[in-house]
Amino acid sequence: MKVPASPPINTDDLLARSHAIAGLSLGELAKMANINIPANLQRHKGWPGQLLELWLGASAGSKPQQDFPELAIELKTVPIDACGKPLETTYVCYAPLLMSPGITWETSSVRNKLQQVLWVPLEGDRRIPLAERRVATAVLWQPSAQEDAQLREDWEELTEMVLLGKVENITAKHGDMLQMRPKAANGSVLTDALGPEGQRIRTRPRGFYLRKAFTHNILLNAFD
DNA sequence: GCGTGATCATAT
DNA sequence: ATATGATCACGC
């Protein structure tokens, strides 16, 4: 088996690729792709995701769009425990802290990113050596009306706080399903935002993240 | 610095 | 034991 040379031509093609690697270990996939496997993820936190991008033919790079623009599908790898429960929250996208007035849920980058996601669960238990962790069966997901409504509620709450200049009051406890948390190289990175008196302030960049319970439900519903 | 890929590690 | 807040690497 070799890594694909071009992006998937359609959704079935992408699903076939994901099924072809299900059950294989990261070590096997790295070896066949001729790339080195890091000793651990401490300094290579994005490595599993990048390996899967390679195997599924996602266009590499850091574009603020979906991984498969032609298919309008976003790729997310999610580490799971032995019971299939996510071990980590899922990063969605960068959170704009200086927004155009007309921003709505419908036009938000969160909703755009989450319109269609190929979830690729992966054994993530830290007791399993990285090379031995296996890829599980992928799940192609589109938010239900209920999920969309839940996300919208959280997004609107968080966005309203940002628009009111209360970004510094936001913690990861806000939002039932969608959180806003720091997203930067380190704590000294600063960006512009709106302060409580309408003034410009400097604050840590933020990102949107999906809580584990939300992702867990997506994986559970896939077996209905 | 922004945005991608995320996981780490300490407080709780 | 777990979630929050912090952090790591890379391209541009």
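The shown structure was predicted, so the numbers you read here are calculated from the model rather than taken from an experiment.
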Between Arg206(A) and Thr191(A): side-chain donor-acceptor atoms closer than 3.5 Å: no
Thr89(A) and Gln179(A): side chain donor to acceptor below 3.5 Å: no
No-H, no-angle donor-acceptor pair, [X] side chain to [N] base, under 3.5 Å:
{"X": "Tyr209(A)", "N": "dA6(B)", "result": "yes"}
{"X": "Gln50(A)", "N": "dC10(C)", "result": "no"}
{"X": "Lys45(A)", "N": "dT7(C)", "result": "yes"}
{"X": "Lys183(A)", "N": "dT4(B)", "result": "yes"}

Using a 4.0 Å heavy-atom cut-off across all strands, classify [X] as base, sugar-phosphate, or nothing.
{"X": "Thr90(A)", "answer": "nothing"}
{"X": "Gly49(A)", "answer": "sugar-phosphate"}
{"X": "Lys76(A)", "answer": "sugar-phosphate"}
{"X": "Arg43(A)", "answer": "sugar-phosphate"}
{"X": "Pro79(A)", "answer": "sugar-phosphate"}
{"X": "Gln66(A)", "answer": "nothing"}
{"X": "Pro64(A)", "answer": "sugar-phosphate"}

Is any side-chain nitrogen or oxygen of [X] closer than 4.0 Å to OP1 or OP2 of [N]?
{"X": "Arg211(A)", "N": "dT4(C)", "value": "yes"}
{"X": "Thr77(A)", "N": "dG5(B)", "value": "no"}
{"X": "Tyr94(A)", "N": "dT4(B)", "value": "no"}
{"X": "Gln42(A)", "N": "dA9(C)", "value": "no"}
{"X": "Arg206(A)", "N": "dG5(C)", "value": "no"}

Trp105(A) and Trp155(A) aromatic ring geometry - parallel, tilted or perpendicular at 30°/60° bounds: tilted
Separation of Asn169(A) CG from Met161(A) CE (nearest 0.5 Å): 5.0 Å
